[in-house]
Undergrad: 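So that we are looking at the same thing, I have put the structure below in structure tokens.
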Amino acid sequence: MTAGGASVISFYSPPSYHNSPEIQLQRRIWSSSFRFDARFKLQLPIYPLNRASSSVHVCSGSSRSSSNGVVVGRKSSWRVWTDLKSKPYDVADSERESLKFQDAFNDAALKNGDAVDGQIVDIAEIRWWEQFPKRWVIVLLCFSAFLLCNMDRVNMSIAILPMASEFNWSPSTVGLIQSSFFWGYLLTQVAGGMWADTVGGKFVLGFGVVWWSIATTVTPIAARLGLPFLLVTRAIMGIGEGVAMPAMNNLLSRWVPVAERSRSLALVYSGMYLGSVTGLAFSPLLIHKFGWPSVFYSFGSLGTVWFAVWLNKAHSTPLDDPGLRLDEKKLILSNSVCKEPVKSIPWRLILSKSPVWALIISHFCHNWGTFILLTWMPTYYHQVLKFNLTESGMFSVLPWLTMAFSANVGGWIADSLVSKGVSVTIVRKIMQTIGFLGPAFFLTQLNHVDSPAMAVLCMACSQGTDAFSQSGLYSNHQDIAPRYSGVLLGLSNTAGVLAGVFGTAATGYILQHGSWDDVFKVSVGLYLAGTVVWNLFSTGEKILD
């Protein structure tokens, strides 16, 4: 660059026999005092090697270039001519100089803006919302998908109370209906992970949201047709939600750098908790005003809005996004350990690793208690604490609010520890130990409380400490097998879903023949077993490349 914002460009004409290709130059040039665009076409004669090199002069008005270059002005009249000087030319030197010029050009572009497809886009031209990191747009879209996911899942835990009264269902039947969701959810965990790792997370997550939204909408129709239809519909809904977690894990492994992993996952999973909050808070109001079918109709229709935004904004990888700014793309790709799609799954190698089995077993132990509280908490409040339907829904909100808050706190703590040099293995073990022992302790206190307020507080504290698992086992898939994170989450979450199937159905059986104390004792025992397994066999180091 010359003083005053002028640009000097030299062209070497490669060997050809006087053909005249059109060379289009487009540059946006900024100076300290003014800005203008130079767009012009040059028709240049081409001369054989070692015969001549050409310099281009573009001048406005009476001004001329003082050297072999381009002087660009703002006036409307232009003159273009070439000076030809005979001199030897070295092709190798030309290539080196061209590379130097390109590197210098890119470096200069990055100081003021981004170079996109060979053009400079000044940062001042980018609107403020377009400067928001695209990787966090993906995170927020995943967050909103999980918000809808749990809204559509927990509405049944509220609607089941008037439905059981209307259709005269026993506690065992209620437990069967609640667990039927997990039949389909179980089927698509591994398949969803394989699908996402091979074809991309955008398509898989979009499919899941549309699928479960349709199933949610038709649930009232299925219930009136009969119990078998309702069970099948809930299982179909589970198929759609089953691909969500593996697809999300695949997306974040490609979009989010390692240093932001815990807090990004915590934010996404807090969408699940806030979805539970939203579902539990609004379901009683909708049921009271419009009847229980309104819950399924209204919640199911929200998926279409999300899907429209998803199609427009999301991409499976940073390389697929043409609008991604260059500086963010460099940041992601230089800090990402998962760039290439998976072509085959090394099942034998994966299943031979003890940290994988630690992840699977711990996921089972963790989800047993989590899913029981997810599906049975309103019933507990109604039967034991004698809350009415509206109160059961409203008080069920508090534990999920606590989880949403503590999950993000845990994520920031975990990432801060990693950035300060603490071993990832130690961080994962600390966070998951809190996620196991915290719920176990507070569930044991339910036997000693004598007021509904204290019982709700114990539930809130139990769920709040449970949410530290997002920075423990839920972050560990990307630690130990980043390229297979979708498949690995599918494997471990299959075990977690089995815990949901058996735990939810077993809770109905236990309540018919025992008490809530027995339900909580089983959960506490599994939390303690998970703590031992996790601390003995888990790791935060990569074991699969």
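Side chains are part of it too, since the values below use all heavy atoms of this structure and drop only hydrogens, waters and symmetry mates.
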Undergrad: Considering all heavy atoms of both residues, which atom of Val533 and which atom of Ala358 are nearest to each other, and what is their separation?
TA: CG1-CA, 4.0 Å
Undergrad: Give me the atom names and distance for the closest heavy-atom approach of Leu205 to Ala244.
TA: CD1-CA, 3.8 Å
Undergrad: In this structure, are over 12 heavy atoms from other groups packed under 6.0 Å from Trp412 atom CH2?
TA: no
Undergrad: Using ring centroids (six-membered ring only for Trp), state whether Trp534 and Phe436 fall under 6.0 Å.
TA: no
Undergrad: For the pair Ser294 (side chain) and Gly291 (backbone), establish whether a donor and an acceptor sit closer than 3.5 Å, ignoring hydrogens and angles.
TA: yes
Undergrad: Relative to each other, are the rings of Phe207 and Trp211 parallel, tilted or perpendicular (30° and 60° limits)?
TA: tilted
Undergrad: Are Tyr273 and Tyr269 an aromatic pair, judged by ring center distance below 6.0 Å?
TA: no
Undergrad: Using the ring centroid of each side chain, check whether Trp368 and Tyr527 are separated by less than 6.0 Å.
TA: no
Undergrad: Taking NZ, NE, NH1 and NH2 as the nitrogens, is one of them in Asp479 or Arg261 under 4.0 Å from a carboxylate oxygen of the other?
TA: yes
Undergrad: Between Trp255 and Arg135, is there a cation-pi geometry (under 6.0 Å to ring centre, at most 45° from the normal)?
TA: no
Undergrad: With no hydrogens and no angle check, is any side-chain donor or acceptor of Ser406 less than 3.5 Å from a backbone partner on Gly464?
TA: yes
Undergrad: Can you find a pair of side-chain heavy atoms, one from Met431 and one from Tyr474, that are under 4.5 Å apart?
TA: no
Undergrad: Whether the side chain of Arg428 engages the backbone of Ser471 through a donor-acceptor N/O pair (distance < 3.5 Å, no angle test) should be reported.
TA: yes
Undergrad: CG/Leu526 to CD1/Ile361 distance, rounded to the nearest 0.5 angstrom?
TA: 11.5 Å
Undergrad: Rounded at 0.5 Å granularity, tell me how far CG in Asp415 sits from NZ in Lys420.
TA: 12.0 Å
